[in-house]
Amino acid sequence: MSEIRTRFAPSPTGFLHLGSARTALFNWAYARRHGGKLILRIEDTDRLRSRRESEEAINDGLRWLGIEWDEGPFRQSERAERHAEVIASLVASRQAYRCRCTQEELEERKQRTIAAGGKWTYDGRCRDLDLGEECGPHTVRLRIREGADLSWNDGVFGHSGQDAREIGDMIIRRSDGNALFNVAVVVDDLDMGISHVIRGADHHPNTPFQIAIYQALNVEPPQFAHVPLIVGTGGKKLSKRRDPVSIQHFRAEGYLPQAVCNWLIRLGWSHGDQEVFSAEEITSLFDLEAVNRSSAQADPGKFQWLNQHYLKQLPGNQLLREVLPFLEAEVDAKVEVTPGLERLLDLLRERSKTLVEMAQQARFLVVDAIEIDEKAARKHLKPAIAPALSSLAEALDELGDWSESEIEAAFERVLAAHGDLKIGKLAQPVRVAITGGTISPGIFETLAALGHEKAVRRIRAAIRGVESTAESRTD
RNA sequence: GCUCCCAUCGUCUAGCGGUCUAGGACGGGGCCCUCUCAAGGCUCAAACACGGGUUCGAUUCCCGUUGGGAGCGCCA
């Protein structure tokens, strides 16, 4: 059996799109699974929409996801000569012919046919005219035999095909001399030795026409597999306005590439009841047979769950490396890495869905001065708790060993000394005092992570705050 | 409008004629744990779109209906 060669062929018209990324992932997984190669080809023949920056964005996105290609990136635009050559050979062998119908004429005839209740395919006006080079401005059309068998066995949809009569003689070269997408794709796939064309189901209707080109070229088409589209909430088409669709966006939101890949691979593909797949599992288990035929909605909830799952699994040094940029953006300053910070991040991974959230939750530890949430202060920093808070500040200040267990012991002493105060009564005020809010990891762990000096300073500052508001109230 | 495609809990899905009183996961409810928030454990609710066939037997096969999607460019 010959080598498995798949390709990812995006058009560089924006950022790496969610659906494109999944197609890339499927192609990559399929190639890896079978010891084959993935070829990256940029379909940039639409000059108006193609931009070099978006090509870079696609490469970056793929690299970030860990999808490595083996050959390319090739640019379709750089292969124009080869496309022209193939079209010329098709004309020479009378498989294609020149057509001088103008767009206006075509449009008019089309409207007339439709108005008369007919179905429009090219009416073949120039089909047998045998027009030569000198016929003036013209396009080139592929001659489609009426009885041609344009069917194929799709890797996902099974037996597929369309009646040749439904297709009509399609244009393969524009009047400006450039090849059209369908030919360019066929020629490139052929030249690049692609064995499996795995692409979005939006290409499903294109396939019969491409098969006609393979037939005209008298070559065997590759295997086709069309993967169902990803749709947005409500089963509607993904919209750039409503749905987040760019991989870069997810990256900026603090999602891990492992989570994105895992999420995407399970959209339309499954392996029994398994939900979590490492990159190794993806590339050893992925299988076209198990790809679904119906389109899938992208569920953000599952995505968040997966992201937290991977966050929890990340080795400490990697977690730090991932969060640091987000944390520095959060506080808008360079952040010094301390053991306390590392400890806090470790506690935070169980409480964060994304790196962005984690950075927000770690903020209190790296800033010099915190802002205390007013509502939290009103609820928890009341005069009644001030005495206990003072004793705690004292007890903590005297601690020689700033460890979680010593801090806990200090708490217990203070609690006992204040009439068996419940720990919750003291923990919340302290939490507000040191983090500015009501939410944090366990209070002993949080205090330990924050550090001796900052912790005591913040508690004392909170006590002063309580006293001053108490005074202003009695006025 | 025409061509093609799809249809299991809210969502992603398992199921490839009897094992289905339909399984898992996310999300949701409840309980436990608990210094807050999480995490974790246990638990509950939740689906075969509808109508005809085929068959001893249909979630599974066939045909319609309905609903959704894609394509119908001198775009890719």
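What's counted below: heavy atoms across the whole structure, side chains too, no hydrogens, waters or symmetry copies. The chains referred to below are lettered A, B, ... by the order of the sequence lines, with proteins before strands, and numbering in each begins at 1. All figures in this text were calculated on a predicted structure; none of them were measured in a lab.
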For atom [atom1], what is the distance between [N] and [M], given to the nearest Å?
{"N": "B:A70", "M": "B:C62", "atom1": "P", "answer": "25 Å"}
{"N": "B:U8", "M": "B:G68", "atom1": "P", "answer": "15 Å"}
{"N": "B:C50", "M": "B:U59", "atom1": "C1'", "answer": "14 Å"}
{"N": "B:C12", "M": "B:G27", "atom1": "C1'", "answer": "11 Å"}
{"N": "B:C26", "M": "B:G64", "atom1": "C1'", "answer": "36 Å"}
{"N": "B:C9", "M": "B:U3", "atom1": "C1'", "answer": "33 Å"}
{"N": "B:C32", "M": "B:U11", "atom1": "C1'", "answer": "28 Å"}

Q: Kindly indicate whether a cation-pi arrangement holds for A:Arg141 with A:Tyr122, taking the cut-offs as under 6.0 Å to the six-membered ring centre and within 45° of the axis.
A: yes

Q: Assess A:Arg22 against A:Phe26: is NZ or CZ under 6.0 Å from the centre of the six-membered ring, and within 45 degrees of the ring's axis?
A: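 Yes, cation above the ring, under 6.0 Å and within 45°.
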
Q: Quickly, which of A:Phe224, A:Phe181, A:Phe157 forms a ring-ring contact (aromatic ring centres under 6.0 Å, His included) with A:His203? Name it, please.
A: A:Phe181

Q. Would you call the rings of A:Phe303 and A:Tyr255 parallel, tilted or perpendicular if under 30° counts as parallel and over 60° as perpendicular?
A.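 Plane angle under 30°, so parallel.
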
Q) How does each nucleotide of nucleotides 1-8 of chain B score, in 5' to 3' order, for protein heavy atoms under 4.0 Å: base (B), sugar-phosphate only (S), or none (-)? A) -SSSSSS-

**Q.** Reading 5' to 3' through nucleotides 21-30 of chain B, protein heavy-atom contacts under 4.0 Å coded B for base, S for sugar-phosphate only, - for none
**A.** --BBBB----

(Q) So, OP1 or OP2 of B:C72: does either fall under 4.0 Å of a side-chain N or O from A:Lys110? (A) no

Q. If only side-chain N and O atoms of A:Arg431 are considered, is one of them under 4.0 Å from the OP1 or OP2 phosphate oxygen of B:A38?
A.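 A:Arg431 to B:A38 OP1/OP2: no side-chain N or O under 4.0 Å.
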
Q | Opposite nucleotide pairing with B:C31, Watson-Crick or G-U, both atom distances under 3.5 Å | A |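 Result: B:G41.
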
Q.
Can you tell me the base-pairing partner of B:A7? Count Watson-Crick or G-U wobble geometry only, both distances below 3.5 Å, and say none if there is no partner.
A.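 Pairing partner: B:U66.
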
Interatomic distance where [atom1] belongs to [X] and [atom2] belongs to [N] [whole Å]:
{"X": "A:Asp176", "N": "B:G73", "atom1": "CG", "atom2": "P", "value": "18 Å"}
{"X": "A:Gln297", "N": "B:G69", "atom1": "CD", "atom2": "C1'", "value": "12 Å"}
{"X": "A:Glu445", "N": "B:C37", "atom1": "CD", "atom2": "P", "value": "15 Å"}
{"X": "A:Gln308", "N": "B:C37", "atom1": "CD", "atom2": "P", "value": "16 Å"}

Q) Does the ring of A:His203 lie flat against the base of B:A70, closer than 5.5 Å centre to centre with planes under 30°? A)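 So no, this residue does not stack on that base, at least one cut-off failing.
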
Q | Residue mapping more 5' on RNA chain B - nearest nucleotide basis, A:Ala427 or A:Ser175 | A | A:Ala427

